[in-house]
Amino acid sequence: MEFKYVPTVCPFCGTGCSFNLVIKEGRVVGTAPFRRSPVSEGKTCQKGHFAYELVNSPARLTKPMIKKGDGLVEASWDEAIAAVAKLGSYSGDDVCVVASAGATNEDLFTVKKFADEVLKTKNFTTPASTGIDASAGTIAGLAKADCIVAIGNIVESHPLVARRIANAKDNGAKVIVVDTFRSPTAKMATEFVKAVPGSEAAAIAEAGAFVEGKAVAVVYGIGVTFAESKIAAAAKALAESKNAAFCALPAQANGCGAILAGAVTPFCNAYSGKAKAFFVLGEDLGPLNAEFAVVIDSFLTSTAKTADVVFPAAVFAEVDGTVINAERRIQLVRKAQEAAEGVKPGWMIVAEIAAKLGGNIAYDSAEAVFKAAYPELSYDAIAKDGFLLPEKPASVEICDCDGCKCDGIATVSDEYPFALTTSATIWHGYGGIATLSANCRSLMREVSGMFVKMNDGDAKELNIMPTDFVKVSTANGSIVASVQITKDIDRGVIFVPTTGIGGGCIFILTRGAKAIAAKIEKAEA
Amino acid sequence: MAAKGDMLWAWAKDGNMLDNGECGGAVTALLKFALESGAVDAVLAVKKGVDLYDAQPVLITKPEDIAQCAGSLHCGTLLIPKIIKKYFDGANRMKIAVTMKGCDAKALYELAKRNQVNLDNLITIGLNCGGSVSPIEARIMIQEKFGLNPDDIVKEEIDKGQFIVITKSGEHKGIKIDELEEEGYGRRLNCQRCKTKIPRQCDLACGNWGVIGDKAGKATFVEVCSDKGADLVTKATGKAIETEVPSPAALSIRGKVEGAMLKLGDKCRNAQFEKLGDGKKRLDYIMEQTSRCIKCYQCIENCPICYCVECSTKKPHLVDSGAVNPPFMFHLIRYSHVADSCVNCGQCQELCAMDIPNALFMHALQMEMQEMFGHEPGVNMELPVLAYVEESAERKRLSDTGSDQIFNIFSEGA
Ligand code: SF4
Ligand code: SF4
Ligand code: SF4
């Protein structure tokens, strides 16, 4: 009987924990601690632990699909490749290339080449393309800080970074937390600075008054709203004024890699409505309204459902590759099982599509792609501890497109009396990462749909019980959600996680805003 | 003819194993013999993963592959029994020879009591264990305390109260464990509290304590702990291993080493438990520490006592689904279900995403229950306390006395 452990990197958040995939008879059957991980020492959060469940999910795509009439039908690879020809008629601003920042460097590097050389567009973006690039120090090093300013709910966005904040606190450090509610991170604080939803930047400046110490670190968990760069700018200013290290943690597993691969066009671009055609790898942007769209994914996402051609991609456990975590550590993703017949790694699919469109970005292996991107490294060289890329000065660029500019505090009214705040839930990621968590049954058992946290007094006033479902609405739209009634959130504030799960999605409510006025009504389940 | 209770020195007959195996290669030779002779279908042992600091389980079915399994890896903190349960159907469909340290052996018994593993199909070769160090902690210790590059180390061992490393250029360096641990380096905290140094629950208990004279480093001291173990040794002698009866001096030295380790274990227990305080103070401390739990489930997933398919922590009427931080009830369920049988394996602490000292709490509770009920987990097949509770009688007692506690775990003082 074949039985082995294959160490690999978690596909979820930017922390970059590792675990072993347990292989029995050639199939992934579980995870086991990889105590040798320089990042997480064998520990993971629930997402890492249950990540194996998505690998052999029955929902996996195994065949290409082509749009016929109103729906998608299965097709052969040859038919699907033939069907992408139309993509070649789009270039420049007419096309938008979007990848998940959870994709490997190998995939991202190939997609970038595809955008540059084949589609001749600069429109290459990922959810990590927020204009923020700051990664001072190491995650383990945080435990040695004597003062940490934690911005956002890092316990849920980057759990194994929060562990280091807890370590620092145990060692006597001051922990200053800025958040919009008494989140699990706020509960760890020695000083909690509560921010009014949408005015996080002001609260960050306020937090500066509490900073003291010789080894100060400012840590920000980047989310996926259009306000991220503004918050990061305030965090950076605070770090600079206090001579502190500044580390902004990308939401998705390979956020640092995405930026290094050149995905620097702001993510809001994908929602600007300017592009006529889309080329999407592993990201879920919601339903597209495009002339033509090609999607590469492992699951039939809401984006894939509206595509013209869909290609089935291998998941993290089926590919060799690399990702770069929040501390700039390149780590090896190892192939643990063979993908099903006809399911291929993203970079290979991109190369095949490129060939059809007259380009040539074919490589012999994942490592060949890696070496093209990082000539001085090899998979062997990074096999044990990964490779820490050199530190560089933090940079934050604020996007001032129409979508981003208007993002600010929630202006509540009689019609929309609540200020909605949003950040990560520990159970699910955003976009392409939520696709992964939605296919882990243990994560879905805990949280299978959108939820809203609200103050117990507000709930009482609206006669809402913990078992109720509610309709949450903003000027943009509404979703149905379950409720979590709590004292941890102020009256007049509600929390909806930045995710899309069970049919609902934060984007329907916020269109990318970090705070917005909302209302809540009791709904039928 | 070997018999239960025998003590012997053993070494591999095969010259290659003798030279390259740990302490004369007896364990490797026995494992190989068990496989070759058809006594087992497979050997489950530990091998080097990405490097010396990465212990991986390995299932060996071909005798020629036996060399894969490493000598003692002190960074090998993984727990084998739950792997047998999870991935080998509890050894119900195959016979397996397996190597175990003390906490493995105790965990195995607890799983066997719960019908999660089939002891009849297992041959257990216990390895004396002075404690193990988590890999990354070991690397940091070697760097900071030994002043050596952890990647240059080719071997590490615990001997005569020292943690010793050997570099690729042959340099030996040892530092007293006491000294390391006082500064927060060294063995896992549960290992420091451990008093199962020679795992006599196994069929054979093997190690290098009590191997002296010209056999030092060239033989393994084997204590035969069961008839199954005796049978394996009898059959293997002359074919796979050679044996010799150790001198009385060797027995006494082995006894002294074990005695010293047990004494150290007691000292560490006292020191660590004392810090927890008593009664309300202890409860407050536990509640404060567990309040940062993120519900990663690692403590449950890796605990050898947790085996329920229908885990109570997953029942929404007891613990809200999806709530983070989970309510204290999450931890209370673990305490009430596990404390009587906790074997202090340390997994729930080593793997806790938020570094909550879970094993310390559970072990402290277990010790109190052991004092109250006299049940010691992991040493034999005796059932735990809760198994003796006669439910209707207990319910009547609770209603008659108005008490709501089966055991008063948090009583003030001793
Ligand atoms: S903290 Fe992030 S990287 Fe680590 S296991 Fe959780 S999701 Fe994965
Ligand atoms: S409670 Fe912790 S220390 Fe005790 S047996 Fe379970 S995992 Fe091991
Ligand atoms: S391992 Fe730690 S953080 Fe995870 S559920 Fe258990 S106590 Fe909570």
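Convention: sequence-line order gives letters A, B, ...; per-chain numbering from 1.
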Undergrad: Say whether, by atom type as modelled, one donor and one acceptor occur between the side chain of A/T422 and the main chain of A/V496 under 3.5 angstrom.
TA: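 Confirmed, A/T422 side chain pairs with A/V496 backbone.
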
Undergrad: Considering only heavy atoms and a distance below 4.5 Å, find which of A/V22, A/L160, A/V155 pairs most often with chain B.
TA: A/V22

Undergrad: Assess whether side chain to side chain contact (heavy atoms under 4.5 Å, CB included) is satisfied between A/I176 and A/I148, documenting all intermediate values.
TA: CA-CA 6 Å; A/I176 305 155; A/I148 295 179; over 6 Å; no

Undergrad: Using every non-hydrogen atom in the two residues, find where B/V133 and B/G186 come nearest and quote the distance to one decimal.
TA: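 Smallest heavy-atom distance, with atoms named: CG1-O, 3.4 Å.
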
Undergrad: Is it the backbone or the side chain of A/F34 that comes under 4.5 Å from a heavy atom of chain B, or both, or neither?
TA: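 Contact with chain B involves the side chain of A/F34 alone.
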
Undergrad: Determine which donor-acceptor pairs between chain A and chain B fall under 3.5 Å and list them with their distances.
TA:
residue	atom	partner	partner atom	Å
A/K24	NZ	B/Y87	O	2.6
A/R35	NE	B/T77	OG1	2.9
A/R35	NE	B/E350	OE1	3.3
A/R35	NE	B/E350	OE2	3.4
A/R35	NH2	B/Q347	OE1	2.6
A/R36	NE	B/D51	OD1	3.0
A/R36	NE	B/D51	OD2	3.1
A/R36	NH2	B/D51	OD2	2.8
A/K43	NZ	B/E350	O	3.0
A/K43	NZ	B/C352	O	3.0
A/K43	NZ	B/D355	OD1	2.4
A/T44	OG1	B/Q298	NE2	2.6
A/Q46	NE2	B/I294	O	2.8
A/Q46	NE2	B/K295	O	3.1
A/H49	ND1	B/Q298	OE1	3.3
A/H49	NE2	B/E301	OE1	3.1
A/R163	NE	B/D355	OD1	3.4
A/R163	NE	B/D355	OD2	2.7
A/R163	NH2	B/D355	OD2	3.4
A/N167	ND2	B/D355	OD2	2.8
A/D170	OD1	B/R292	NH1	3.2
A/D170	OD2	B/R292	NH1	3.4
A/D170	OD2	B/R292	NH2	3.0
A/D385	OD2	B/R139	NH2	3.2
A/W427	NE1	B/G322	O	3.0
A/E446	OE1	B/K295	NZ	2.8
A/E446	OE1	B/G322	N	2.6
A/E446	OE2	B/Y297	OH	2.3

Undergrad: Would you please test A/V470 and A/V480 for side chain to side chain contact (heavy atoms under 4.5 Å, CB included) and show each step?
TA: CA-CA 6 Å; A/V470 293; A/V480 172; over 6 Å; no

Undergrad: Test of understanding: with ring-ring contact (aromatic ring centres under 6.0 Å, His included), list the residues that count as partners of A/F181, not counting sequence neighbours.
TA: A/F495

Undergrad: Return the set of residues passing side chain to side chain contact (heavy atoms under 4.5 Å, CB included) with B/A55 (not counting sequence neighbours), or none when no residue passes.
TA: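 Result, side chain to side chain contact (heavy atoms under 4.5 Å, CB included) vs B/A55: B/V46, B/L73, B/L78.
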
Undergrad: Counting C-beta onward and ignoring hydrogens, is there a side-chain heavy-atom pair between B/I96 and B/I123 closer than 4.5 Å?
TA: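 Contact flag for B/I96/B/I123 side chains = no.
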
Undergrad: Report the option among B/L44, B/L351, B/I83, B/L59 that has the most heavy-atom pairs separated by less than 4.5 Å from atoms of chain A.
TA: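 The candidate making the most pairs under 4.5 Å is B/L351.
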
Undergrad: Select, from A/C17, A/P33, A/G42, A/P7, the one with the greatest count of heavy-atom pairs under 4.5 Å involving chain B.
TA: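 Of A/C17, A/P33, A/G42, A/P7, A/P33 has the most heavy-atom pairs under 4.5 Å with chain B.
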
Undergrad: Sequence neighbours left out, what passes ring-ring contact (aromatic ring centres under 6.0 Å, His included) with B/F88? Give chain and number order.
TA: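 With neighbours one apart ignored, the set is A/F3.
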
Undergrad: Mind ranking A/I165, A/I426, A/V447 by heavy-atom pairs under 4.5 Å with chain B and telling me who comes out on top?
TA: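 Looking at each option in turn, the highest pair count goes to A/I426.
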
